[in-house]
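Below is one structure, written out as structure tokens; comments come after it.
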Amino acid sequence: TDIGKARRTNEDAFLAEPPWFAVADGMGGHAAGDVASRLAIEAVRSFVAGREDPAETVIVEAIRKANGMIWRRSQENRWLDGMGTTLTLMKVESGRCVIGHVGDSRGYLVRDGAVRRLTTDHSVVEELVRTGTLSEREALEHPQRNLLTRALGADPDVQVDLVTEPLMAGDRLLLCTDGLTAVVLDHELGEILTEEAEPEQAAARLVQIANARGGPDNITVVVLELPQP
């Protein structure tokens, strides 16, 4: 995770404790974004520990619990009013991954040199891209590119998208905040994740490229690889 070149604080947070992985991108005035993303990750970490229920159930409940915690805290403290965060939470288990998703932090799968986005942004611009009104490159410059249609903390309850994806040995998975995807296109992500020999090197290079392109936001990247047997 990196503060980037334009922000005074880092409002991103992440979790990388196998088999659980997550990224969160906070928003709000004062220090509220930092508080929201940290609350989300802490709530998730606490909730999933030792849980043996199906991953889909645990993920949805964990995200809703995090949402409720952020909502209540924002109502109790006027300095935190309006805070919120994205959250993309993933469990990797035998032969598959399960992702729960709210906001515009993304999950990607890279296999045999090809990249595929596993999540759908909950944003105004994503709706325009999906309908063909904007291209992916045009979306990067759109004035409403940061306007979300769904986030944790906006309401007492939240709708969670679930994605289940079969996995193979050698696959690479990427979770990231929009500080990366705001300046790096999907096909570029795939190229870097394919070229770099080690996940740590790939993550470092992605952060480096985002900063080289202005680093307009905080950048958080989680890269993992399924080992060959």
Side-chain angles (χ1 to χ4, degrees), residues 1-5 10 12-25 37 41 55 59 86-101 103-123 125-126 129-130 135-137 139-140 145 161-229:
T1 187
D2 191 273
I3 196 171
K5 299 295 185 181
N10 190 344
D12 286 357
F14 71 95
L15 174 70
E17 299 175 5
W20 293 99
F21 305 87
V23 292
D25 180 0
S37 61
I41 294 299
I59 286 171
T86 70
L87 180 61
T88 300
L89 171 63
M90 176 172 67
K91 183 181 185 183
V92 177
E93 52 189 22
S94 180
R96 69 171 191 160
C97 68
V98 182
I99 299 174
H101 170 62
D104 64 354
S105 296
R106 295 178 181 175
Y108 290 87
L109 170 68
V110 178
R111 176 182 295 159
D112 297 329
V115 63
R116 182 157 55 89
R117 194 191 307 178
L118 301 178
T119 56
T120 300
D121 293 352
H122 301 135
S123 68
V125 164
E126 180 68 17
V129 172
R130 192 157 46 240
S135 68
E136 182 187 356
R137 188 173 294 276
L140 297 180
R145 60 188 178 276
D161 285 1
L162 270 178
V163 179
T164 301
E165 183 69 26
L167 298 177
M168 300 171 57
D171 284 350
R172 281 190 173 178
L173 291 160
L174 165 69
L175 300 183
C176 60
T177 59
D178 69 343
L180 178 68
T181 54
V183 291
V184 184
L185 295 172
D186 285 6
H187 76 273
E188 296 177 305
L189 300 176
E191 291 169 0
I192 293 166
L193 289 167
T194 300
E195 291 169 1
E196 294 294 339
E198 299 296 332
E200 293 88 351
Q201 294 171 352
R205 186 173 165 199
L206 289 170
V207 171
Q208 181 182 36
I209 289 175
N211 275 323
R213 295 181 181 179
D217 202 348
N218 309 141
I219 311 150
T220 299
V221 177
V222 176
V223 180
L224 56 145
E225 179 178 321
L226 275 71
Q228 298 287 350

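Predicted model only: the values in this text are computed from it and were never measured.
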Any side-chain heavy-atom pair of L180 and I209 under 4.5 Å: no

Between D12 and T1: side-chain donor-acceptor atoms closer than 3.5 Å: no

Reported CG-to-CD1 distance for the pair L206 and I192, which is rounded to 0.5 angstrom: 4.5 Å

Heavy-atom side-chain proximity of E165 to D171 below 4.5 angstrom: no

Close side-chain approach of L118 and R116, heavy atoms under 4.5 Å: yes

Spatial distance of atom CG (L224) from atom CD (E200) [nearest 0.5 Å]: 10.5 Å

Check: L167 and L173 side chains under 4.5 Å, non-hydrogen atoms: yes

Within-4.5 Å side-chain heavy-atom neighbours: H101 and V163: no

Distance, nearest 0.5 Å, that separates CG of D2 from CG of D217: 11.0 Å

For the student: nearest non-hydrogen atoms of T86 and G103, plus distance: CG2-CA, 4.0 Å

Smallest separation among heavy atoms of P199 and E225, with atom names: CG-CB, 3.9 Å

Over all atoms of both residues, closest heavy-atom pair of K5 and G214: CB-O, 3.1 Å

Closest contact, heavy atoms only, L162 versus G100: CD2-CA, 4.1 Å

Side-chain touch V110/L174, heavy atoms, less than 4.5 angstrom: no

Spatial distance of atom OG (S123) from atom CG (D178) [nearest 0.5 Å]: 9.0 Å

Minimum heavy-atom distance G4-N211, with the two atoms named: CA-OD1, 3.3 Å

Over all atoms of both residues, closest heavy-atom pair of K91 and A55: CD-CB, 3.9 Å

T88, D121, T177, T119 screened by side chain to side chain donor-acceptor pair (under 3.5 Å) with R106, the one that passes: D121

Interatomic distance, L175 atom CG to L87 atom CG [nearest 0.5 angstrom]: 10.0 Å

Per-pair distances, 0.1 Å, donor-acceptor, side chain in residues 14-25, under 3.5 Å, sequence neighbours excluded:
| from | atom 1 | to | atom 2 | distance (Å) |
| --- | --- | --- | --- | --- |
| E17 | OE2 | R45 | NE | 2.9 |
| E17 | OE2 | R45 | NH2 | 3.3 |

side-chain hydrogen bond (donor to acceptor under 3.5 Å, both in side chains) involving E188 - partner list, sequence neighbours excluded: R213

